[in-house]
Amino acid sequence: MKTEPDAFSFDDLKACPQKTEPWDGIRNYQARNLMRDDMKKGDLAIFYHSQAGEETGAVGLATIAKEAYPDHTSWDPKSKYHDPKSSPDNVRWLMVDVKWKQDFKQLVSLQTMKAEKALEGMRVTMRGQRLSIQPVEAKHFKKVCQMGGLTKAQIDKLGV
DNA sequence: GCCAACGTTGGC
DNA sequence: GCCAACGTTGGC
């Protein structure tokens, strides 16, 4: 899951009150469908900082705390995420809740991921991948955790 | 700030 | 249903 840390960072997620955060504002059908179809409660996500200069990359892990439900900001005219075509009766956009899980010991920069042979084919390393939510294969997921400095025991414990 | 990539919109 | 125009993302 990508986010611009200037808007919302991994530290913000870690600090937020009940440690769960509604992932609102997703206005892309592919991303919405991934949330709706593929994200189950308890699933893990790699948290990724985009547009962050040297700090661009994967910073840690989050858990899906709540499965897809209507994104109410979509029918709120005051919201920056307002979509006039969405309403409570005709829900167009969904969100999930996420929860901080684990920090990486070190940043796994985009550069490092691109250079890592074992991550070949991982979406985020390929050009033109703007999608803010991307599916990650288990082998890539574990490799990124390893590059982030998690121990083998810690990675095994995740049950990926 | 540039620009490639690509999603969305709307005229036809 | 095609496709040009336009908007957005995000690396650089």
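Just so it is clear, the model here is predicted, and its values are computed rather than measured. Sequence lines set the chain letters: A, B, ... in the order given, protein chains first and strands last, and positions in each chain run from 1.
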Over how many whole Å does the gap from [X] atom [atom1] to [N] atom [atom2] extend?
X      : N      : atom1 : atom2 : answer
A/K2   : C/dT9  : NZ    : C1'   : 8 Å
A/Y48  : C/dT9  : OH    : P     : 15 Å
A/M1   : C/dG10 : CE    : P     : 13 Å
A/E55  : C/dC12 : CD    : C1'   : 16 Å
A/W93  : B/dG7  : CH2   : C1'   : 10 Å
A/L131 : B/dG7  : CG    : P     : 8 Å
A/Q134 : C/dG10 : CD    : P     : 9 Å
A/M126 : B/dA4  : CE    : P     : 19 Å

Under the ring-ring contact (aromatic ring centres under 6.0 Å, His included) test against A/W23, which residue among A/Y69, A/Y81, A/F47, A/W93 passes? A/F47
Qualifying residue for side chain to side chain contact (heavy atoms under 4.5 Å, CB included) with A/M147, from A/E116, A/Q106, A/K142: A/E116
For a quick test of reading the model: is some side-chain N or O of A/K114 closer than 4.0 Å to OP1 or OP2 of C/dC12? yes
Quick check on DNA chain B: between A/Y29 and A/R127, whose nearest nucleotide comes earlier from the 5' end? A/R127
Under a 4.0 Å threshold between the charged nitrogen and the carboxylate oxygen, would A/D103 count as salt-bridged to A/K14? yes
Quick note, A/Q51 side chain, CB onward, closest among B/dG7, C/dG10, C/dC12 is C/dG10
Are side-chain N/O atoms of A/R27 and A/T73 paired as donor and acceptor at under 3.5 Å? yes
